[in-house]
Amino acid sequence: MTEIEQLINISHRYGRDSRYVIAGGGNTSYKNAENLWVKASGFALATITEDGFAVLDRRKLALIAEKQYSADAALREEEVKNDLAAACITKDRRPSVETSMHNAINYPFVVHLHPTIVNGLMCSAQAESMTAQLFDNEAVYIPYTDPGYTLFKEVDNRIKAFRTQFDGHEPQILLLQNHGIFVGANTTDEIVEIYDRVIRTITQTPAYTPQIEMSNFDYAAILPAIRMILSRYGALKTLKVRNNALIAAFSASDAEFDKIIAPFTPDAIVYCKSKYIYCPLPSFDENDASIAIESIENQINEYFLKYDYIPKILLIKGLGLVAVGNNAAECDVILDVFEDAMKIADIAQSFGGEHPMTPQQIDFIDNWEVENYRRKVSAGTSSGRVENKTIIVTGAAQGFGEGIARSLIKEGANIVVADLNEVVGQATAESLNNDARSNRAIFVKTDVTDINSLQNLINETVATFGGIDVFISNAGVVKAGGLDEMTPENFDFVTKINYNAYYYCTKAIAPIMKLQNHYAPDNYGDIIQINSKSGLRGSKANFAYAGSKFGGIGLTQSFALELAPYRIKVNSVCPGNYYDGPLWSDPEKGLFVQYLNAGKAPGAKTVEDVKKFYLDQTPMCKGTSPADVTKAILYLIDQTCETGQALPVSGGQVMMT
């Protein structure tokens, strides 16, 4: 195995372990006499390949240590950045700002990480004394120094002092206050051995970890309103909430919150900013959450007036830790980084208490070009017609629903796959995430005929994305047959899912959209039923299905009239036949087989005869695809002047008059 392959392997080892790396942080390097390979900015250790490493000329790098730079901090960092770029052989990759430190450590392999357990020590009041006690003369302690050239010079000087003190011996462990750890070694196996030993040594001390009871919370009662309040200050936001015993402990009181009131590391500032909102919810009747919402709204407005930006973190007693992001991916990072800060504070109690960064140190990071670049990279990019909207699609595990969900996630939406089929639904959500950029898909097991199941769907959706912008009632079934063949049980089954469940879903979702629109006067919500061409004209030997779909259009028109004052649009899309989906093409119970057996296609002897019969009735001579239906859905979402409509997408098989 080559040295670069070893470097990639150890990068993956630690980059994929959240105990060592969060939000793509840390960096690794390998060097020989001539060149240094170091992780480039914008690449994650978990997935890095050889192309993710910047290659630098060590001879040119060495000049940085001797050169005199400007006394002005901003100008100095710009000069150093330019010299790093000049030393870079791979001009298309920006080297890590810590490249010079990697070069100063005189070992071939260097791995810099931010392990939670290490930072629990390094962000404590006794960081320096406990480093000496736990590691004797094995580690070099670096007091907090602003990142960049200043930190490099401090590290370089302390390494040289260590060599002088210990007869030229090279230090392998550098412990940096409020920052992390560097480990250097001749082999990657030795790197692993050292990291394991450091972690074991620190974990010998007792941890704090308070015990606290957690309460379940109806996120849908408050979170959608908070999302809209925050979205007043720019584009539509995504919110995500997390709660556990640790989060509950630090949100239990002002005294506990004070332990995490300021950031411990530069990463926390980059991803979570340096000011947070803490809100102990006032007592309120669960049927009227307006008191709590008003309290949080006042804090958000005061925060913006003071800082001229909105918070990334809301810590709400009884509710949990709320991340405020421009997209779902950013929310995940914010939650991971801030929860890690809680773990650090928790561990620090064993070492004399927490030691956050000072206001001056925070200000430097807030305004440092390098960290602003990291913010931009970490924010991610996405674009589409439903950018950052949260859309629930029922019956989306497969078939039409899956196709609609896949088209919408490519348009920037966060998708909730709501389906009874847990195995297929989970796999669909995972597959959709492969098509996502900064948006996300989740699966929630859902029975659309059960009100409690629908309430769980709503609460899970709101907890993950902060609200619900579009609800697509797609789940449906078909039981074909004439009067002689249709049983009352089958008729009731079709009616309950295709008709009754549309009512259940609308009843459950309408309060969320009303709440959102109350706090966002220009916002519109959308409830869209996937109906059928059979909802526009009768269907021989298929009256159970057609009747349920005709009834669905009646519900659509009635719901539209009732919900229009709340700016909730209710529409139906009436597709033609999706011949390639499992509803039609399943070889055992698909509609081709059902219709062949029911005699719906006169003279048909085979499934192919049935298919030809239906294609011959369609002027466009094609079936309707999920992509076709999605275009209609996007139109209905885009416009603000259509409600109560039944929009046909049938290839001309049904023409409206």
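Since the structure is predicted, the reported quantities are computational estimates derived from the model, not experimental observations.
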Strictly below 4.0 Å, N to O, side chains only: are [X] and [Y] in salt-bridge contact?
X	Y	answer
K160	D156	yes
K81	E78	yes
R242	D336	yes
E170	R163	yes

Ignoring hydrogens, what is the shortest heavy-atom contact between [X] and [Y]? Give both atom names and the distance.
X	Y	answer
L84	S100	CD2-OG, 4.2 Å
V333	A23	CG1-CB, 3.4 Å
P115	I199	CB-CD1, 4.2 Å
G234	K237	C-NZ, 4.2 Å
S41	S96	OG-CA, 4.2 Å
F264	I260	CE1-CG2, 4.4 Å

Does [atom1] belonging to [X] count more than 12 external heavy atoms closer than 6.0 Å?
X	atom1	result
K306	NZ	no
K275	NZ	no
E50	CD	no
R19	CZ	no

Atom [atom1] of [X] and atom [atom2] of [Y]: how far apart are they, to the nearest 0.5 Å?
X	Y	atom1	atom2	answer
I269	Q361	CD1	CD	8.5 Å
N243	S251	CG	OG	6.5 Å
N414	I442	CG	CD1	9.0 Å
D17	R13	CG	CZ	8.5 Å
F162	D167	CZ	CG	10.5 Å
L121	L175	CG	CG	7.0 Å

Looking at [X] versus [Y], is the centre-to-centre ring distance below 6.0 Å?
X	Y	answer
F257	F250	no
Y69	Y149	yes
Y195	Y14	yes
Y276	F338	yes
H102	F182	yes

If we ignore hydrogens and angles and just use 3.5 Å, is the side chain of [X] paired with the main-chain N or O of [Y] as donor and acceptor?
X	Y	answer
N439	I409	yes
T90	V55	yes
E193	D189	no
K317	A252	yes
Y219	T464	no
R437	K410	yes
H12	I48	yes
E5	T2	yes
D346	M342	no
E154	I142	no

Side chains of [X] and [Y]: is there a donor and an acceptor less than 3.5 Å apart?
X	Y	value
Q172	E190	yes
E128	Q177	no
R440	N433	no
T28	S11	yes
T238	N327	no

State which residues pass salt bridge (charged side-chain N to carboxylate O under 4.0 Å, His left out) with E422; sequence neighbours excluded, sorted by chain then number.
K445
Verify side chain to side chain donor-acceptor pair (under 3.5 Å) between N137 and Q165, making sure each step is shown before the conclusion.
CA-CA 10 Å; N137 295 319; Q165 183 178 357; 5.0 Å; no
Out of the candidates N103, L7, T99, only one should pair with V38 under the side chain to side chain contact (heavy atoms under 4.5 Å, CB included) rule; please name it.
T99
For L230, which of V324, V322, L236 qualifies under side chain to side chain contact (heavy atoms under 4.5 Å, CB included)?
V324
Is there a side-chain contact between [X] and [Y] in this structure, where contact means two heavy atoms from C-beta onward sitting under 4.5 Å apart?
X	Y	result
F351	I202	yes
L151	D146	no
I194	I173	yes

Could you please spell out the steps behind the side chain to side chain donor-acceptor pair (under 3.5 Å) verdict for T428 and R406?
CA-CA 9 Å; T428 296; R406 190 168 300 281; 5.9 Å; no
Pair N178, T265 - check side chain to side chain donor-acceptor pair (under 3.5 Å), show working.
CA-CA 5 Å; N178 292 96; T265 66; over 6 Å; no
Name the orientation class of the two ring planes belonging to H112 and H114 (parallel below 30°, tilted from 30 to 60°, perpendicular beyond 60°).
perpendicular
Can you tell me how the ring of Y30 sits relative to the ring of W37, calling it parallel under 30°, perpendicular over 60° and tilted otherwise?
tilted
Before giving the answer on salt bridge (charged side-chain N to carboxylate O under 4.0 Å, His left out), spell out for R59 and E34 the whole-Å C-alpha distance, their side-chain angles and the decisive distance to 0.1 Å.
CA-CA 7 Å; R59 179 180 57 82; E34 295 80 26; over 6 Å; no
Residues in side-chain hydrogen bond (donor to acceptor under 3.5 Å, both in side chains) contact with K39, at least two apart in sequence or another chain
none
